[in-house]
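Notes follow the structure.
Lettering follows sequence order; numbering is per chain, from 1. For the numbers below, each heavy atom of this structure counts, side chains included, while hydrogens, waters and symmetry mates do not.
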Amino acid sequence: MRKRFLIVGFFLLAAVLLSGCTGATVWPGLSASGEVAYLANTSAVHAIDLKTGQELWKFTGQGGGFLNTNPSLFVTTPIMTEDGLLIVLDSGNKHILYAVDTKDVNQEQKTPNVAWRFTEADGHWIAPPLIVGNRLFAPNSDGKVYVLNMQDGQSEKKAIKAVELSSASQKPGRLWAQPVADDERLYVTSLDHSLFAIDLESYEVLWNADLAGAILSSPALGSDGMLYVGSFAKQLEKFDPVTGQHQSVLDTEGWIWNTPVVDGDNLYFSDVEGYAYSYNTATGTLNWKVQLNQVDTEKAITASPLLLDGQVLITTESGDIYEVSPDGKADLWHQGPEKGKSYTTPISAGGYVLAAYIESDYYLVALDDEGDVKWTFPTN
Amino acid sequence: MKNTSNQTQVQQPQLPQGFSGESLKTVAVIAVLVLAFMNFGAVVNLMVNVLIFIYSLVGHNFGIAIILFTVLIRLLTWPLNAQQMKGAKAMQDLQNDKEWQGIQKKYAKDREKLAQEQLRIYRERGINPFGSCLPTLIQFPILFALIPAITYAIGSTPLSLLKLSRSLYGFQNAAELVPLNSRFLWMDLGLPERTIILGIGIPVLALIVALTTYIQTKLTMPASADTNDQSAATARIMSIQMPILLFFFSVNYASGLAVYFVASNILSIIQYAMMGKVNWRNLLPGGQK
């Protein structure tokens with residue numbers, strides 16, 4: 001009898017251990033404002049002093065309910081408003097969007113107070129919202145863009161509009177990327193292969209275009225006034241923002257995951273096969289294309305490039321950061337941790353380059369302009 | 001010629017003493033288990049591709065794809081399940097056998113001799129004492145691989161979508177298929193299911209998993225009049241532990257996995273019923289006695 005108990009116990013243990021083989025399924029969101037970095041890293045959003053790397057406070061949401069059966073999940077890039085509210089999204093099953101007041105921190109509990117929240121969404125929050133004036137445009141996995149008035153004084157926000165985005169395809173309209181706006185229109189990409197243009201005043205969908213693959217990134221507004229967006233169809237597409245007419249301008253080796261970064265006439269972006277590209281929008285030609293990593297499990301590039309004083313820094317899945325010269329020559333700028341991966345777009349703040357990691361001894365590293373480590377969070 | 005015949009006899013493969021054909025089966029099952037764990041990633045990828053292939057055939061409904069996948073797994077493991085039932089029956093019969101009961105009493109204080117005698121009876125009657133549990137063991141790699149397979153296939157987070165892109169075989173039109181429609185009934189199959197009631201997340205599907213697992217183990221539990229029957233006692237323990245184990249899985253992992261458990265439990269009951277092995281009286285209070 002004891003043996004049978006042992007056998008069942010063994011399989012319980014094996015089940016727990018092996019089910020952990022799924023590994024991480026999310027990566028952190030990272031932003032900064034002033035002298036503070038904000039890292040949304042699964043169970044909490046951490047505010048980190050950029051000078052020291054020390055945690056100033058953390059926000060964990062409303063708790064996980066009975067037996068923690070409904071835990072919070074923070075992975076979406078936090079967005080700072082002009083009046084010091086940090087927009088934080090709970091990507092767990094509660095679907096709550098919080099505005100936490102970074103100027104009103106409970107010093108005993110080391111956590112900021114919630115200024116207001118929004119709970120009307122039906123799906124998970126993955127996309128960071130966009131602030132336009134006093135309005136917040138928040139795309140959700142339920143296929144709607146929720147428009148909130150941030151100045152209405154309500155602590156439980158009601159959406160002034162929920163713009164439902166549905167295309168001709170039968171795919172689920174999950175919205176995972178931050179919208180982009182010009183003076184007149186909001187542009188929203190969808191996993192259902194579509195790009196939508198919405199009138200900023202009437203909230204009408206002006207046009208939508210179907211691409212041949214899912215779109216996980218935001219479109220980029222080029223210096224030529226055109227929209228550029230990559231997709232899983234392995235193509236960079238150019239859109240007329242007024243009409244929605246589009247054409248493929250470049251074939252890539254793999255799925256395009258990140259938002260192109262604009263620098264004058266040049267666009268910089270990359271794909272999951274480890275290739276980085278520079279494309280000239282004025283001439284319509286490829287400046288360069290370089291493969292940064294060829295190892296299957298660490299070559300993907302999901303992070304957007306970071307432009308820093310004329311440098312193009314590109315982070316690969318391995319956690320290594322490469323500096324690519326104007327002629328497409330890549331040099332290792334910073335070697336990532338021995339153990340860990342990076343998918344989050346690095347940022348420049350407080351004189352440092354900040355890079356976020358998963359499955360590593362630390363979640364965040366601050367690098368100086370030579371790529372040397374100044375501090376890590378948590379501190380070793 | 002006689003000499004040659006003798007040589008032929010000598011050259012026939014001989015199993016070591018105490019090593020039966022049943023033991024070979026045991027070794028084979030263990031080898032399959034070890035291979036599966038060593039190539040865990042390949043097993044996961046295979047499952048992801050089968051799931052997505054079925055999904056593409058059934059009108060992009062992942063819930064239906066999981067149910068059909070469960071049917072496929074059940075069909076593939078049908079012979080193993082049949083062997084499990086046969087093994088369980090043989091072990092149960094043995095518990096009621098007079099010779100077996102006799103050696104239990106006779107060698108109650110000599111465990112070594114008792115083990116020798118038990119082995120002798122197993123050998124004489126062609127019984128594999130692991131015959132009832134080995135087929136269950138071989139299903140564990142399927143279960144373990146199914147957890148990441150469902151998580152990756154649905155791609156409900158950016159990272160699982162990236163992992164999916166790496167899992168797909170060349171013949172799958174990944175760009176066309178992604179994202180998969182993860183909605184099924186009231187659930188998102190890529191995430192643990194919770195139904196919010198009065199502000200509390202109730203794992204309704206996990207409770208259904210626990211209930212169907214309990215019913216399945218109860219229905220398929222062998223009837224025994226002997227209160228000392230070890231196999232019946234083990235089955236009673238399993239009828240409590242398995243629902244707890246599967247409830248734990250269902251609460252913490254993608255609800256697609258829970259759909260697999262529910263479908264698997266129902267199919268298991270159907271299979272037992274088709275083989276005339278369902279003991280409906282076990283569901284009644286005191287029905288086992």
Side-chain angles (χ1 to χ4, degrees), chain A residues 1 4-5 7-9 11-12 14-27 64-71 73 75 91-94 123-124 126 141 170-172 174 176 190-193 211-214 216 231-234 254-255 257 272 296-297 300 302 317 341 343 358, chain B residues 37 40-41 44 59-60 133 136-137 140-141 143-145 147-149 151-152 155-163 165-166 174-183 188 190-194 196 199-203 206 230 233-234 237-238 241-242 244-246 248-249 251-254 257:
Chain A
M1 184 69 72
R4 308 247 176 188
F5 267 113
I7 288 170
V8 174
F11 280 110
L12 272 168
V16 173
L17 294 177
L18 278 167
S19 56
C21 291
T22 52
T25 57
V26 291
W27 60 69
F66 180 67
L67 291 178
N68 201 32
T69 52
N70 199 17
L73 177 66
V75 290
S91 302
N93 286 339
K94 291 193 284 273
H124 297 274
I126 303 282
S141 295
Q170 296 301 307
K171 299 269 183 181
R174 286 180 247 168
W176 279 13
S190 161
L191 275 191
D192 76 345
H193 306 184
L211 276 68
L216 260 85
S231 76
F232 285 9
K234 303 181 186 176
W255 291 1
W257 206 285
V272 297
D296 274 348
T297 54
T302 59
E317 183 178 15
K341 293 189 170 183
Y343 302 94
I358 62 168
Chain B
F37 285 125
F40 190 66
V44 172
H60 293 190
C133 65
T136 307
L137 297 193
F140 272 87
L143 177 61
F144 297 149
I147 297 169
T151 309
Y152 299 161
S156 55
T157 65
L159 190 50
S160 55
L161 206 52
L162 178 63
K163 289 176 178 175
S165 74
R166 290 180 170 150
E176 164 67 24
L177 286 169
V178 171
L180 268 63
N181 178 8
S182 60
R183 302 301 305 183
D188 184 333
L191 300 163
E193 181 268 349
R194 298 287 185 280
I196 307 295
I200 299 172
I202 308 289
Q230 278 193 12
T234 305
I237 293 165
M238 293 292 280
Q241 287 183 333
M242 283 307 284
I244 294 171
L245 172 64
L246 298 190
F248 163 80
F249 272 122
V251 164
N252 289 289
Y253 297 103
L257 188 70

Identify the heavy atoms of B:V178 and A:H193 that sit nearest to each other, and give their distance.
-> O-NE2, 2.7 Å
Minimum heavy-atom separation for A:H124 to B:D188, with atom names?
-> CD2-OD2, 4.4 Å
How far does CG of B:L162 sit from OH of A:Y343, to the nearest 0.5 angstrom?
-> 5.5 Å
Chain B contact via A:S231 - side chain, backbone, both or neither, heavy atoms under 4.5 Å | neither
Taking every non-hydrogen atom, the tightest pair across B:A175 and A:W255 = N-CZ2, 4.4 Å
Chain B: which of A:G213, A:A214, A:A233 shares the most heavy-atom pairs with it under 4.5 Å?
-> A:A214
Can you name the closest pair of heavy atoms from B:L161 and A:W176 and give their distance?
-> CD2-CZ3, 3.9 Å
With a 4.5 Å cut-off on heavy-atom pairs, point out which of A:S141, A:G254, A:A300 contacts chain B the most.
-> A:A300
Please flag which part of B:A145 lies under 4.5 Å from any non-hydrogen atom of chain A: side chain, backbone, both or neither.
-> neither
For A:L191 and B:P179, work out which heavy atoms get closest and say how close.
-> O-CD, 2.9 Å
To the nearest 0.5 Å, atom CG of A:L73 lies from atom OG1 of B:T157 at 9.0 Å
So do the side chains of A:I358 and B:L159 get within less than 4.5 Å of each other, counting heavy atoms only?
-> yes
